S.K.: 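Here's a structure for you.
For clarity, every value in this text was computed on a predicted model and none was experimentally measured. For reference, positions follow the sequence shown, starting with 1.
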Amino acid sequence: MKHWLMKSEPDEFSIDALKKVGREPWSGVRNYQARNFMKSMQVGDAILFYHSSCEAPGVVGIAEVVSEVYPDPTQFMPKSDYYDPASKREEPRWWLVDVGFKRKLKRVVTLEQLKAEAEALGEFALLNRGNRLSVLPVSAAQYQHILSLE
């Protein structure tokens with residue numbers, strides 16, 4: 001099993017929204033590195049659900065990968081914000097997985113708290129200056145350490 005951190009702006013799609021629907025396609029990723037991370041995901045992989053671009057960014061819940069990777073249908077929808085006219089159905093450019101709700105954390109593990117734990121977390125992509133990826137790999141040790149901060 002692999003571990004991941006997936007970012008979402010709570011105004012767009014929050015941990016509470018995932019809890020309500022139970023399962024959701026993680027559509028709209030339009031960064032090649034983040035896409036490649038998703039293409040390597042497998043059913044059962046653990047996800048730290050992270051709220052970004054908000055008053056207190058941080059890890060707010062746990063989700064899991066609940067589907068195999070498949071083409072993101074929004075790339076083919078001209079009215080979608082994520083439409084990509086260069087992507088073809090026979091050769092899709094963008095992929096996604098469905099994520100399923102596991103639980104909310106007892107409290108938010110904030111970005112500031114994660115920064116304070118930088119030494120314990122080691123090389124943690126989220127803390128790299130300028131990193132804006134919405135999908136990031138997390139080691140098993142980092143995953144457990146972040147959950148211990150709950």
Side-chain angles (χ1 to χ4, degrees), residues 1-84 87 92-118 120-121 124-128 130-150:
M1 177 174 69
K2 295 178 190 169
H3 301 82
W4 307 93
L5 183 140
M6 296 176 86
K7 296 179 187 176
S8 181
E9 295 178 13
D11 292 346
E12 294 291 320
F13 190 74
S14 68
I15 190 68
D16 290 326
L18 182 59
K19 181 179 181 182
K20 184 176 181 178
V21 297
R23 173 187 185 130
E24 183 75 8
W26 203 263
S27 62
V29 171
R30 295 299 182 266
N31 173 284
Y32 288 106
Q33 189 174 8
R35 176 210 60 189
N36 292 343
F37 287 143
M38 283 208 308
K39 285 178 79 173
S40 71
M41 291 178 174
Q42 297 180 6
V43 172
D45 283 358
I47 299 166
L48 295 171
F49 196 108
Y50 183 94
H51 281 172
S52 64
S53 300
C54 57
E55 188 176 323
V59 178
V60 296
I62 301 171
E64 71 177 326
V65 176
V66 295
S67 76
E68 299 295 329
V69 67
Y70 61 97
D72 182 341
T74 63
Q75 67 192 308
F76 308 120
M77 299 173 177
K79 293 183 180 178
S80 170
D81 290 341
Y82 303 110
Y83 175 61
D84 183 349
S87 189
R93 183 177 289 181
W94 306 108
W95 299 78
L96 60 73
V97 294
D98 291 354
V99 299
F101 178 82
K102 294 289 279 185
R103 70 177 179 89
K104 286 178 69 170
L105 296 189
K106 294 174 189 140
R107 64 176 192 81
V108 176
V109 178
T110 66
L111 177 58
E112 290 305 314
Q113 190 173 6
L114 294 170
K115 287 178 180 178
E117 295 288 324
L121 290 169
F124 186 42
L126 178 71
L127 302 181
N128 291 345
N131 188 329
R132 300 190 41 80
L133 289 178
S134 60
V135 179
L136 303 166
V138 177
S139 73
Q142 291 165 335
Y143 182 87
Q144 291 305 320
H145 186 77
I146 291 167
L147 291 184
S148 78
L149 301 173
E150 178 182 13

S.K.: Where is the tightest heavy-atom contact between V99 and L18, given as atom of each residue plus distance?
M.R.: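 Nearest pair, atom of V99 first, then L18: O-CD1, 3.7 Å.
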
S.K.: Between the main-chain N or O of L121 and the side-chain N or O of Q142, is there a donor-acceptor pair closer than 3.5 Å?
M.R.: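 A pair under 3.5 Å: yes.
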
S.K.: Output all residues satisfying side-chain hydrogen bond (donor to acceptor under 3.5 Å, both in side chains) with W26, sequence neighbours left out; order by chain, then residue number.
M.R.: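 Here no residue qualifies.
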
S.K.: Is there a side-chain contact between S8 and Y50 in this structure, where contact means two heavy atoms from C-beta onward sitting under 4.5 Å apart?
M.R.: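 They are not in side-chain contact.
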
S.K.: Are L105 and I15 close enough that some pair of their side-chain heavy atoms sits under 4.5 Å apart?
M.R.: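 Side-chain contact under 4.5 Å: no.
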
S.K.: Going by an N to O cut-off under 4.0 Å, is there a salt bridge joining E150 and R103?
M.R.: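 Yes.
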
S.K.: So which atom in W4 and which in P137 form the shortest heavy-atom distance, rounded to 0.1 Å?
M.R.: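 Heavy-atom minimum between the residues: CE3-CA, 3.6 Å.
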
S.K.: Mind checking the CD-OG spacing from E24 to S67? Nearest 0.5 Å is all I need.
M.R.: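 Taking CD in E24 and OG in S67, the distance rounds to 11.5 Å.
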
S.K.: Show me the pairs that pass side chain to side chain donor-acceptor pair (under 3.5 Å) and involve residues 12-21, at least two apart or across chains.
M.R.: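 Every pair satisfying side chain to side chain donor-acceptor pair (under 3.5 Å) with a residue in residues 12-21: D16-K104.
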
S.K.: Ignoring hydrogens and angles, tell me if any N or O in the side chain of S40 forms a donor-acceptor pair with the backbone of F37 under 3.5 Å.
M.R.: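 Yes, because the side chain of S40 sits within donor-acceptor range (under 3.5 Å) of the backbone of F37.
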
S.K.: Would you say the side-chain atoms of Q75 pair up with the backbone N or O of W94, donor to acceptor, closer than 3.5 Å?
M.R.: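 Yes, the answer is positive, given that a donor and an acceptor are paired below the 3.5 Å cut-off.
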
S.K.: Can you find a pair of side-chain heavy atoms, one from T74 and one from D84, that are under 4.5 Å apart?
M.R.: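 T74 vs D84: side chains apart.
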
S.K.: Taking the side chain as every heavy atom from C-beta outward, state whether I47 and F101 have any pair of such atoms under 4.5 Å apart.
M.R.: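 Heavy-atom side-chain distance check fails, nothing below 4.5 Å.
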
S.K.: If I compare all heavy atoms of V97 with all of V65, which pair ends up nearest, and what's the gap?
M.R.: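 Looks like CB-CG1, 4.1 Å.
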
S.K.: Using side-chain heavy atoms (C-beta onward) and a distance below 4.5 Å, is Y82 in contact with F76?
M.R.: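 They are not in contact (no side-chain heavy atoms under 4.5 Å apart), so the answer is no.
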
S.K.: Apply side chain to side chain contact (heavy atoms under 4.5 Å, CB included) to residues Q113 and R107 and explain how you reach the verdict.
M.R.: CA-CA 12 Å; Q113 190 173 6; R107 64 176 192 81; 2.9 Å; yes

S.K.: Is any side-chain heavy atom of M6 less than 4.5 Å from a side-chain heavy atom of M41?
M.R.: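 Yes - at least one pair of side-chain heavy atoms lies under 4.5 Å apart.
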
S.K.: Please find the pair of heavy atoms, one from L96 and one from P73, that lie closest to each other, and give the distance.
M.R.: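 Reported closest heavy-atom pair: CD2-CD, 3.9 Å.
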
S.K.: Does D45 reach the main-chain N or O of K2 with its side chain, forming a donor-acceptor pair under 3.5 Å?
M.R.: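 Pair found, side chain donor or acceptor close to backbone of K2.
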
S.K.: In the structure I gave you, are the side-chain heavy atoms of C54 and D11 within less than 4.5 Å of one another anywhere?
M.R.: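 Side chain of C54 against side chain of D11, heavy atoms only: no contact under 4.5 Å found.
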
S.K.: Please round to the nearest 0.5 Å and tell me the distance separating atom CD of E117 and atom CD1 of I146.
M.R.: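 So the CD of E117 and the CD1 of I146 are separated by 9.5 Å.
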
S.K.: In Å and rounded to the nearest 0.5 Å, what is the CD to CH2 distance from E68 to W95?
M.R.: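 So the gap between those two atoms works out to 11.5 Å.
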
S.K.: Keeping R35 on the side-chain end and R93 on the backbone end, is there a donor-acceptor pair under 3.5 Å?
M.R.: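 Confirmed, R35 side chain pairs with R93 backbone.
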
S.K.: Hey, is the main chain of D98 close enough, under 3.5 Å, to the side chain of R23 for a donor-acceptor pair?
M.R.: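 Flag not set: sc R23 to bb D98 has no pair under 3.5 Å.
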
S.K.: How close do L5 and V138 get, heavy atom to heavy atom, and via which atoms?
M.R.: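 Shortest heavy-atom separation between L5 and V138 comes out as N-CG2, 3.6 Å.
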
S.K.: A side-chain contact here means heavy atoms from C-beta on lying under 4.5 Å apart; do N31 and R132 qualify?
M.R.: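 Heavy-atom side-chain distance check fails, nothing below 4.5 Å.
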
S.K.: I'd like to know if the side chain of N128 reaches the main chain of N131, judged simply by a donor and an acceptor atom lying under 3.5 Å from each other, with no hydrogens or angles considered.
M.R.: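 Not a single qualifying donor-acceptor pair exists.
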
S.K.: Once rounded to the nearest 0.5 Å, what's the spacing between atom CD of E9 and atom OG of S53?
M.R.: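 Separation between the atoms: 4.0 Å.
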
S.K.: Using every non-hydrogen atom in the two residues, find where P57 and S52 come nearest and quote the distance to one decimal.
M.R.: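 In terms of heavy atoms, the two residues are closest at CB-CA, 4.4 Å.
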
S.K.: Can we say D72 and R30 salt-bridge, meaning some charged N sits less than 4.0 Å from an Asp/Glu carboxylate O?
M.R.: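 Here D72 pairs with R30 in a salt bridge, since their nearest N and O are under 4.0 Å apart.
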
S.K.: Please lay out, stage by stage, how L147 and L48 fare under the test side chain to side chain contact (heavy atoms under 4.5 Å, CB included).
M.R.: CA-CA 9 Å; L147 291 184; L48 295 171; 4.0 Å; yes

S.K.: Just by modelled atom types, is the V108 backbone N or O under 3.5 Å from a matching donor or acceptor in the H51 side chain?
M.R.: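 Answer holds: no.
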
S.K.: Can you list everything that forms a side chain to side chain contact (heavy atoms under 4.5 Å, CB included) with N36? Sequence neighbours excluded, please.
M.R.: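 So N36 forms a side chain to side chain contact (heavy atoms under 4.5 Å, CB included) with K39.
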
S.K.: Please evaluate residues Y143 and V59 with respect to the criterion side chain to side chain contact (heavy atoms under 4.5 Å, CB included), reporting the C-alpha separation (whole Å), side-chain torsions for both, the decisive distance (0.1 Å), and the verdict.
M.R.: CA-CA 11 Å; Y143 182 87; V59 178; over 6 Å; no

